[in-house]
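One structure is given here, and the rest of the page talks about it.
Since we're looking at a predicted model, the values are computed, not measured. Computed over heavy atoms, backbone and side chain alike; hydrogens, waters and symmetry mates excluded. Position 1 is the first residue of the sequence; numbering continues from there.
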Amino acid sequence: MILIDKLLKQKIWSWLCGGLIIVLCAIPSKEIPHSLNFYDKTQHFIAFGAWAFLTMYAYSSFIGVAVGGALFGYGIEIMQYLLPASFHRAYDLADVLADFIGVLLGISLAILFSKIFKQG
């Protein structure tokens, strides 16, 4: 358990997850593997939840992760708006909401895991 705690505190996982989100949100939608192509809002929720979990665990800043997650989600939508039409990506405020709900869940899970590891 201590090894998992030490691994999760490594900041590199948060940065890698954020980079993966950017790449997956920037590639043309037709290029996304079929196994990953399920309900869009669920994808945003899971991706940003994972990012927030890793970021909260590494940095331990509730406000920083919440604000950063909201800005990150909105930034992704601006990026998608600016992509060529051939990418089949669009600006969608509902995606930002799904991102932020995922961020709040990720933060909550990171706090829970942190407390579990402190007890163990």
Side-chain angles (χ1 to χ4, degrees):
M1 290 273 259
I2 293 172
L3 177 62
I4 294 170
D5 184 55
K6 285 183 180 182
L7 284 172
L8 288 173
K9 287 186 178 183
Q10 299 297 312
K11 293 172 175 60
I12 187 70
W13 303 120
S14 167
W15 288 97
L16 287 173
C17 185
L20 182 62
I21 289 170
I22 292 168
V23 169
L24 290 174
C25 289
I27 61 175
S29 62
K30 292 180 181 180
E31 305 269 334
I32 298 172
H34 184 67
S35 60
L36 295 177
N37 200 8
F38 50 92
Y39 187 58
D40 180 56
K41 304 308 176 255
T42 306
Q43 292 170 337
H44 281 263
F45 175 79
I46 291 170
F48 278 81
W51 174 84
F53 175 83
L54 294 168
T55 305
M56 181 66 186
Y57 213 91
Y59 291 95
S60 301
S61 172
F62 174 82
I63 298 297
V65 176
V67 171
L71 292 172
F72 186 26
Y74 193 69
I76 290 290
E77 293 309 307
I78 292 170
M79 177 191 72
Q80 288 183 334
Y81 173 77
L82 296 172
L83 290 172
S86 63
F87 278 53
H88 301 284
R89 297 294 190 156
Y91 177 88
D92 186 353
L93 281 177
D95 286 348
V96 176
L97 180 60
D99 297 342
F100 193 67
I101 293 170
V103 165
L104 293 178
L105 179 66
I107 289 170
S108 300
L109 289 175
I111 291 169
L112 178 66
F113 268 63
S114 181
K115 287 182 180 185
I116 289 170
F117 284 127
K118 282 182 183 177
Q119 289 177 354

*Chi angles and distances behind the side-chain contact (heavy atoms from CB on, under 4.5 Å) call for W51, D99*: CA-CA 10 Å; W51 174 84; D99 297 342; over 6 Å; no
Just how far is it from atom [atom1] of [X] to atom [atom2] of [Y], taken to the nearest 0.5 Å?
X: L112; Y: K115; atom1: CG; atom2: NZ; value: 8.0 Å
X: L97; Y: K41; atom1: CG; atom2: NZ; value: 9.5 Å
X: Q43; Y: D95; atom1: CD; atom2: CG; value: 9.0 Å
X: K11; Y: T55; atom1: NZ; atom2: OG1; value: 10.5 Å
X: I116; Y: I4; atom1: CD1; atom2: CD1; value: 11.0 Å

_pair W13-Y57: side-chain heavy atoms closer than 4.5 Å_ = no
*Do F72 and I21 have side-chain heavy atoms sitting under 4.5 Å apart?*
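F72 reaches I21 side chain to side chain.
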Can you give me every donor-acceptor pair (side chain of residues 74-83, partner residue at least two apart or in another chain, under 3.5 Å) with its distance?
unit_1: Y74; atom_1: OH; unit_2: Y91; atom_2: OH; d: 3.0
unit_1: E77; atom_1: OE1; unit_2: D92; atom_2: N; d: 2.9
unit_1: Q80; atom_1: NE2; unit_2: C25; atom_2: O; d: 3.0

Please check if [X] and [Y] belong to a single hydrophobic cluster, counting links between Ile, Leu, Val, Met, Phe, Trp and Tyr side chain heavy atoms closer than 4.5 Å.
X: F53; Y: L105; result: yes
X: F48; Y: L109; result: no
X: F113; Y: I46; result: yes
X: V96; Y: L71; result: no

Write down the atom of [X], the atom of [Y], and the distance for their closest heavy-atom approach.
X: I27; Y: F87; value: C-CD2, 4.0 Å
X: A52; Y: G102; value: CB-O, 4.5 Å
X: R89; Y: L24; value: NH2-O, 2.7 Å

*Using atom types as modelled and distance alone, determine if a side-chain donor or acceptor of S108 lies under 3.5 Å from a backbone N or O of L104.*
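Yes, because the side chain of S108 sits within donor-acceptor range (under 3.5 Å) of the backbone of L104.
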Could you give the side-chain donor-acceptor pairs of residues 58-68 under 3.5 Å, partners two or more places apart or in another chain?
unit_1: Y59; atom_1: OH; unit_2: W15; atom_2: NE1; d: 2.8
unit_1: S61; atom_1: OG; unit_2: G64; atom_2: N; d: 3.1

